[in-house]
Amino acid sequence: MDTLTATPAPAAIPTTVAVALRKLYFVRFAFAAVWAALLFTTSGKLGAPAATLLVLYPLFDVACAVVDLSSARGNGQPLRGLYANAVLSTLTAIGLAAAATSGIPAALRVWGAWAITAGLVQLGVAVARRHLGGQWAMIASGAISTLAGASFIAQAAKSGASLHTLAGYAFLGGVFFLVSALRLPRTA
């Protein structure tokens, strides 16, 4: 027996990924809670603070996808969905920057399209990761995001459209990340 070349047990690899996800999910919850509170205070109008927050959220999502990719790479985790999420979020940040100059309805349409597509990607990644545990909340979040996206697009067509619903959406998404974090293993 050669003690210098130990390979991790098959169960250790997913647990390591689960620990990394747990930490990431806690950060995502905290960010979503703070972001939602800030947006709620600025969402009466689409000025520079609200526009900045709108663009910041998908950029933070890109950063989270990169962190997620680094822990998932080489561990047999679903990478295609994470790459798709990073691309979608990057395009959304660009779209929101442009839409913010056109007003709240345009921003809601872009956000809604992102919520639908990112929700579908999140659903797919969570289903692929269900063996890690704690993914039922991510599955539910992906499904709800898809439905919420359609409601944002519908809301954009109504008079008096507001960004307040985006704050609630982000906070609820953060709660789903918190639930998943609490359900994932704590140690490798």
Side-chain angles (χ1 to χ4, degrees), residues 10-40 53-54 56-73 75-90 92-93 108 111-153 155 163-188:
I13 291 172
T15 303
T16 303
V17 173
V19 170
L21 280 177
R22 186 173 198 274
K23 292 174 185 175
L24 179 62
Y25 288 177
F26 277 128
V27 169
R28 291 191 75 143
F29 164 72
F31 178 84
V34 170
W35 184 91
L38 290 172
L39 184 69
F40 193 78
L53 286 169
L54 288 178
L56 182 63
Y57 198 94
L59 290 177
F60 180 77
D61 198 55
V62 171
C64 289
V66 170
V67 170
D68 198 345
L69 274 164
S70 69
S71 68
R73 190 172 292 129
N75 291 319
Q77 294 299 303
L79 298 179
R80 186 177 300 160
L82 297 174
Y83 282 118
N85 184 54
V87 170
L88 284 170
S89 295
T90 300
T92 299
L108 285 171
W111 192 283
W114 179 46
I116 292 168
T117 56
L120 291 171
V121 169
Q122 181 181 20
L123 181 61
V125 170
V127 166
R129 286 180 165 167
R130 67 187 176 281
H131 67 282
L132 295 174
Q135 294 301 299
W136 66 266
M138 293 294 90
I139 291 169
S141 178
I144 291 169
S145 181
T146 302
L147 297 173
S151 75
F152 297 143
I153 292 170
Q155 181 189 0
L163 299 177
H164 286 117
T165 54
L166 300 184
Y169 164 81
F171 183 75
L172 180 61
V175 169
F176 280 115
F177 279 113
L178 176 63
V179 169
S180 281
L182 294 172
R183 303 288 300 159
L184 284 165
R186 296 172 197 264
T187 58

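Source: prediction; values computed, not measured.
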Atom [atom1] of [X] and atom [atom2] of [Y]: how far apart are they, to the nearest 0.5 Å?
X: Arg183; Y: Met138; atom1: CZ; atom2: CE; result: 13.0 Å
X: Leu24; Y: Phe31; atom1: CG; atom2: CZ; result: 12.0 Å
X: Leu82; Y: Leu69; atom1: CG; atom2: CG; result: 4.5 Å
X: Tyr25; Y: Leu178; atom1: OH; atom2: CG; result: 12.5 Å
X: Ser180; Y: Ile139; atom1: OG; atom2: CD1; result: 9.0 Å
X: Phe152; Y: Leu163; atom1: CZ; atom2: CG; result: 10.0 Å

- Item | Results of side-chain hydrogen bond (donor to acceptor under 3.5 Å, both in side chains) for Tyr57 - residues two or more places apart only | none

- Item | All side-chain hydrogen bond (donor to acceptor under 3.5 Å, both in side chains) counterparts of Ser151, not counting sequence neighbours | none

- Atom of Leu166, atom of Leu39 and distance for their closest heavy-atom approach: CB-CD2, 3.8 Å

- Query: Gly149 and Ala115: which non-hydrogen atoms are nearest, and at how many Å?
  - Reply: CA-CB, 3.6 Å

- Task: Please examine the side chains of Thr146 and Leu123, heavy atoms only from C-beta on, and report whether any two atoms are closer than 4.5 Å.
- Result: no

- Query: Would you say the side-chain atoms of Ser141 pair up with the backbone N or O of Ala137, donor to acceptor, closer than 3.5 Å?
  - Reply: no

How would you list, by chain and number, every residue that makes a side-chain contact (heavy atoms from CB on, under 4.5 Å) with [X], sequence neighbours excluded?
X: Leu172; value: Ile144, Phe176
X: Ile153; value: Ile116
X: Thr92; value: Pro58, Leu96, Val110, Trp114

- Message: Within the 3.5 Å criterion, strictly below it, is a donor on Gln122 or Ser145 matched to an acceptor on the partner's side chain?
- Response: no

Show the atom names and distances, to 0.1 Å, of all donor-acceptor pairs under 3.5 Å that link a side chain in residues 60-67 to residues at least two apart or in another chain.
{"residue": "Asp61", "atom": "OD1", "partner": "Arg28", "partner atom": "NH1", "Å": "3.3"}
{"residue": "Asp61", "atom": "OD1", "partner": "Arg28", "partner atom": "NH2", "Å": "2.2"}
{"residue": "Asp61", "atom": "OD2", "partner": "Asn85", "partner atom": "ND2", "Å": "3.1"}
{"residue": "Asp61", "atom": "OD2", "partner": "Ser89", "partner atom": "OG", "Å": "2.6"}

- Close aromatic pair by centroid cut-off 6.0 Å: Phe171 and Phe40: no

